[in-house]
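We name chains A, B, ... by the order of the sequence lines, and we start the count at 1 in each one.
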Amino acid sequence: MFLMRFTERAYTSYTEEAVRNSANEAVRLTFSNKNFDPQIGARQYNEYLDEYEYCEEVGFDGLMLNEHHNTPTCLGATMNLEAAILARNTKKPKIVLMGNPLPTFENPLRVAEEIAEIDMISNGRVVSGFVRGTGVESLAANVNPLHNRERFEEAHDLIIKTWTTPGPFRWEGKHYHFRVVNPFQLPVQNPHPPVWIPGLGSPQTLVWAAERGYPYIYLETDPQGTQDMMAIYTEAAREVGYEPGPENFGYLCRIHVQDTDEKAYESAKGFLTGNVGVGRVPVPKDYMLPVGYGGKRDDPKISKYLGRIRKDPFLGLGLETASYDQILASNRWIVGSPETVIRKLRETLSVIRPGILGVWTNDGDTTHADTMRCLELMGQEVLPGIREIGKDLELTDPFQKKAITA
Amino acid sequence: MVAFKEEMVDVGGTKVHTMKGGSGEPLLLLHGAGGNNGWLKSIDALAEKYTVYYPSHPGYGKSERPEWLETIPDMAAFYTWYLETLGLEGIRAVGFSMGGWIASEIAATCGHSFSKLMLVGAVGIKPNVAEIADLFIISPAQVLELMFHDPNQAPEYQDIYQKELTPEEAMTAETNREMAVRLCWKPYMHDPRLANLLARVNIPTRMVWGKNDQIVPLECGELYNEAIKGSDLVVIENCGHSPQVEKPDEFIKIALDFLA
């Protein structure tokens, strides 16, 4: 089982009142950056990097990063920069990029170069995730949301070709045009870094990932619905001739541990201020799902899958707005002493059976000290416990599978 | 009320839904980014003097969209084809908001299409001081709020905007929004070359603007007026972005005076 650590690296030194008084009452996109203090940011970036570097010592297999723009909810605006620092300052863990939001970039070759550089600096430790970017990223980058999926697929094809086909060659696509593709920054891993696709389980992306054999990482989706999504992936995989296993699936879950259940209950409340923003003010629908982002409604290849994913019971109410106790009672966030966390995780892992587990250890205003203690306990007790569960349940990860196959 | 009929005009294999009614010389009406709101009072009044052609743009309403049609210049090229198909040339045209941008593009690049041009709250030129409201990051309800200076003075407001939509109408509204995004995303609601090309326009042209337009600032009307030789700009007091809906009587008078 592959265990990777994640945090959104949120900035929380602002008030709910400031969010409520902002344009469209939105903490993302239009919340003024006058609410950001770079002095605090300077401290936080360094603490967050210290935490990630400590994750190597405690035994995580991977350091998972992401990026968002125009928002205090995630300081990682240029994830590849953080990845490059971690590539140099760590020796063993994979650098897991979840992922580069391809459609928002005007120059995918720059992304190919950056990832290749990080792969070389880390001596082949990059996992290169690609995402479409949540809808609001189309607005932040001012890229037509109607083109999102086309750009995602074309940028992906261009990057893979750049890594696998000797240059120079010419690229004349619909959205990208390059006279000479010939970067001297090429990845160490052959033919290229593993590609994993994180997401919320849209059938289009599930099918696309399955057809390419890319592991799909479910971002804290409803466990019941996740099984439906996995069934779609499995069907699509069988159609192209292979049987997927745990190595094709990952699951991201908020898991916070402290010495006692009581202490964990208090310090995990940072999850309530982090990626959802201080005050948990719901972001306007028109930001998160801009017109056209949903893509074509009439693709026959996809339409057979629509309606097959059970509705998330938290949808509508939202994980963002449900009460803390409701969320904890549902085990969507797993919080407690090492013993409690391991016991609850066994249930989740038994249902979803992922070979890859994203451990979202902390967020928001959970203190740096509490986070470091959480990571320490992860290393001492929780990660060994999860690995035991992984063995019991035969949750093979992509690297183990590759070793077995080889 | 003037009788009108609906027909599908086949333009190079693309069917364009067209409302046609009235009598007299032809008059083309081009709707805005929100779509075709139907045979309104102001349109009916124009149809008493002219034969009105009121199509839904390709990609809007019941009209098909050819895959290649992605931009306002594409739309303008398509409409010259539409006019040719109908055997229309040198006709009067009125463009509302985004339809004004399309009409301007046609007038600037295909001089024989129109004989008179009226632009109502038209986008297409970037204002220097104010900004065209960003309709793509706010909800349809917020757009509607910006549209009117005082909805109470718009006699058809309830009929157009407050009615309950059938699922099919809701889907059409969503498709219309997508088409607007397709056409106007970037540069947002304008084309940097348009003001320069408008120097070619040598037909009588009138701009009509609500003084309190919160979507397309009056400054845009002034810039159009500067760009087109011999044009004039008529400003309607206490009126928002859609004078034809908010102040139909005043609008009809201004339009008929000009088109005559």
Side-chain angles (χ1 to χ4, degrees), chain A residues 19 22-32 68-71 103-107 132-151 154 173-177 204 281-299 303 306-307, chain B residues 32-35 57-62 64-75 98 126 131-147 165 167-192 214-215:
Chain A
V19 178
S22 67
N24 294 318
E25 288 192 57
V27 73
R28 303 180 73 156
L29 189 67
T30 45
F31 183 53
S32 173
H68 288 289
H69 300 264
N70 285 17
T71 179
T104 66
F105 298 126
E106 291 304 329
N107 184 358
R132 292 172 60 208
T134 47
V136 71
E137 303 301 337
S138 292
L139 297 166
N142 199 20
V143 172
N144 193 327
L146 276 169
H147 299 154
N148 181 280
R149 188 168 293 279
E150 284 180 357
R151 286 171 67 98
E154 187 182 333
K174 180 174 177 188
H175 297 285
Y176 301 107
H177 306 266
Q204 288 95 327
V281 182
V283 178
K285 176 177 169 285
D286 297 277
Y287 283 18
M288 299 312 282
L289 286 173
V291 179
Y293 179 79
K296 287 183 181 173
R297 288 181 279 265
D298 52 358
D299 183 347
S303 55
L306 297 178
Chain B
H57 304 323
Y60 277 88
K62 295 174 189 162
E64 298 170 352
R65 177 181 75 91
E67 273 296 310
W68 57 266
L69 201 157
E70 297 262 349
T71 67
I72 294 293
D74 292 346
M75 191 66 93
M98 185 189 80
K126 185 171 84 71
E131 289 178 339
I132 298 171
D134 189 346
L135 307 183
F136 297 154
I137 66 167
I138 58 177
S139 66
Q142 288 172 302
V143 173
L144 188 57
E145 260 183 53
L146 290 178
M147 194 120 77
L165 297 182
E168 193 183 329
E169 287 170 332
M171 182 64 82
T172 298
E174 186 67 12
T175 308
N176 289 351
R177 287 184 83 201
E178 279 186 14
M179 196 60 202
V181 164
R182 190 186 307 282
L183 295 167
C184 306
W185 184 267
K186 188 165 68 176
Y188 177 64
M189 292 283 180
H190 76 279
D191 182 340
Q214 296 179 79
I215 292 181

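With rounding to the nearest 0.5 angstrom, the CG atom of B/Asp134 is 10.5 Å from the OG1 atom of A/Thr30. If you take CG on A/Asp286 and CG on B/Leu135, they are separated by 11.0 Å, rounding to the nearest 0.5 Å. Here the NE2 atom belonging to A/His147 is positioned 10.0 Å from the NZ atom belonging to B/Lys186, to the nearest 0.5 angstrom.
Every pair passing salt bridge (charged side-chain N to carboxylate O under 4.0 Å, His left out) that includes a residue from residues 134-144 of chain A is listed here, sequence neighbours excluded: A/Arg28-A/Glu137.
In this structure, B/Trp185 and A/Ser138 approach most closely via the heavy-atom pair CZ2-O, 4.0 Å. B/Arg177 and A/Val291 get closest at one heavy-atom pair: CZ-CG2, 3.3 Å.
Side-chain atoms of A/Asn144 come within 3.5 Å of backbone atoms of B/Val181 as a donor-acceptor pair (strictly under, hydrogens ignored).
With a threshold of 4.5 angstrom between heavy atoms, A/Asn24 approaches chain B through side-chain atoms but not through N, CA, C or O.
Heavy atoms from other residues, nucleotides or ligands lying under 6.0 Å from CD of B/Glu169 number more than 12.
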